[in-house]
Undergrad: 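A single structure is presented below for examination.
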2 protein chains.
Amino acid sequence: MERHTRQRAAIRDALARAGRPLLPQEVLTAAQATAPGLGIATVYRALKAMVEEGEVRKISLPGENPRFERSDLPHHHHFQCLRCLRVFDVHNCPSDISRLVPSGFVVEDHELTLYGRCPECALSERLAVKRVQAERRQE
Amino acid sequence: MERHTRQRAAIRDALARAGRPLLPQEVLTAAQATAPGLGIATVYRALKAMVEEGEVRKISLPGENPRFERSDLPHHHHFQCLRCLRVFDVHNCPSDISRLVPSGFVVEDHELTLYGRCPECALSERLAVKRVQAERRQE
DNA sequence: TTGTATGCAAAGCGTTTGCAGTGAT
DNA sequence: ATCACTGCAAACGCTTTGCATACAA
């Protein structure tokens, strides 16, 4: 049965405060503020246990090392802005997932990552285009 | 400038024949049939070069080591069997991707990974269930 | 002949594990 | 008093790199 320790509390706390998925190394650094002497092995063991408990979710975006976030968030996907590289949550979900696969395959779960421009970056690019057009008119 | 070698030909060939994304180790095994003595370091170096050329695509699924496939394939997604862990191509695509994000976001690309049972594993599980049921009837 | 490509072995790096000691129950 | 948890360091698996050699060009 699971025990309540200083270290695990610190790790939970780090994940709760972050508000974004964290790398194991980031968890270590953040949690060491509350639990000095905390080791990386403990972080890995705690994260693994929490993932198995269903308390934490392991997330990996293509080409990135796995990150961890609390799983009490509702089902969601991620949107990465290709300009500022920030990751946003997307709370909708395609409706017709299980229709995508050939017959014989059984779909049980899915992960979706969207890429594009966040509202902020899309706006600042639109303004940049207008600026260029204005310069052209002056020539 | 790039040179034409037995080893790279074998690696290209392995990727072309596979019809699914391969792990570097799988590339090695497959390519050694054509290029005996081929080493894993050469596979990694060749794959890296081909990715930079744009000839090959590196795909990484959550929790999995990166796999490689030719990038001349039409747009598609991936399905991983949770039992045998093999990865398959899925040639369909959800229709309503850009409707998922709040207004202001601009979707330019997306990656989707499905999880479940491949036909083979789904079948063998169904057979296992039948076997258990038969045993129960005998008791 | 030149210099990229190769094979081997060693090094890197993130992650896991063995072990003796710690501490929650 | 248990026995799960911890820290450390060694081990691990995948990937990269240093180096001397092989072989396209």
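Within every chain, numbering begins at 1; the chains are lettered A, B, ... in the order of the sequence lines, protein sequences first and strands thereafter. These figures come from a predicted structure and were not determined experimentally.
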Undergrad: Can you list, in residue-number order, the parts of residues 2-19 of chain B that come under 4.0 Å of DNA chain D, counting heavy atoms only?
TA: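 Of all residues in residues 2-19 of chain B, the ones placing a heavy atom under 4.0 Å from DNA chain D are R3(B), H4(B).
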
Undergrad: For the pair S71(B) (side chain) and R57(B) (backbone), establish whether a donor and an acceptor sit closer than 3.5 Å, ignoring hydrogens and angles.
TA: no

Undergrad: With sequence neighbours excluded, tell me which residues meet salt bridge (Lys or Arg N to Asp or Glu O under 4.0 Å) with D89(B).
TA: none

Undergrad: Calculate the interatomic distance between K48(B) atom NZ and dA5(C) atom P; express it in whole Å.
TA: 13 Å

Undergrad: Return yes if some donor-acceptor pair links the side-chain N/O of T113(B) with the main-chain N/O of H110(A) below 3.5 Å, else return no.
TA: no

Undergrad: Please tabulate the protein-to-nucleotide N/O contacts below 3.5 Å involving nucleotides 11-13 of chain D, giving atom names and distances.
TA:
none

Undergrad: Show me the pairs that pass ring pair (Phe, Tyr, Trp, His ring centres under 6.0 Å) and involve residues 81-104 of chain B, at least two apart or across chains.
TA: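 For residues 81-104 of chain B: F105(A)-F88(B), H76(B)-H91(B).
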
Undergrad: Would you call R20(B) and E26(B) a salt bridge, using N to O less than 4.0 angstrom?
TA: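 Yes, this pair counts.
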
Undergrad: Going by number, which of residues 22-42 of chain B have a non-hydrogen atom under 4.0 Å from DNA chain D?
TA: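 Per residue number, the list reads P24(B), A41(B).
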
Undergrad: Test of understanding: with salt bridge (Lys or Arg N to Asp or Glu O under 4.0 Å), list the residues that count as partners of R6(B), not counting sequence neighbours.
TA: none

Undergrad: Within the distance-only criterion (no hydrogens, no angle test), does the side chain of H77(A) pair as donor or acceptor with the backbone N or O of L112(A) below 3.5 angstrom?
TA: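 Between the backbone of L112(A) and the side chain of H77(A) there is a qualifying donor-acceptor contact (under 3.5 Å).
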
Undergrad: Can you check the E64(B) CD to dG14(C) C1' distance for me, whole Å?
TA: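 Value for this atom pair: 16 Å.
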
Undergrad: If every non-hydrogen atom of A14(B) is compared with every non-hydrogen atom of V27(B), which pair is closest and at what distance?
TA: CB-O, 4.3 Å

Undergrad: How long is the line joining NZ of K58(B) and C1' of dT16(D), in whole Å?
TA: 12 Å

Undergrad: Where do M50(B) and R8(B) come nearest, in terms of heavy atoms and distance?
TA: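 Minimum heavy-atom separation between M50(B) and R8(B): CE-O, 3.9 Å.
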
Undergrad: Taking atom C1' of dC3(D) as reference, at what distance in whole Å does atom CZ of R45(A) sit?
TA: 15 Å

Undergrad: What are the two closest non-hydrogen atoms of A31(B) and L38(B), and how far apart are they?
TA: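 Nearest heavy atoms, A31(B) then L38(B): CB-CD2, 3.5 Å.
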
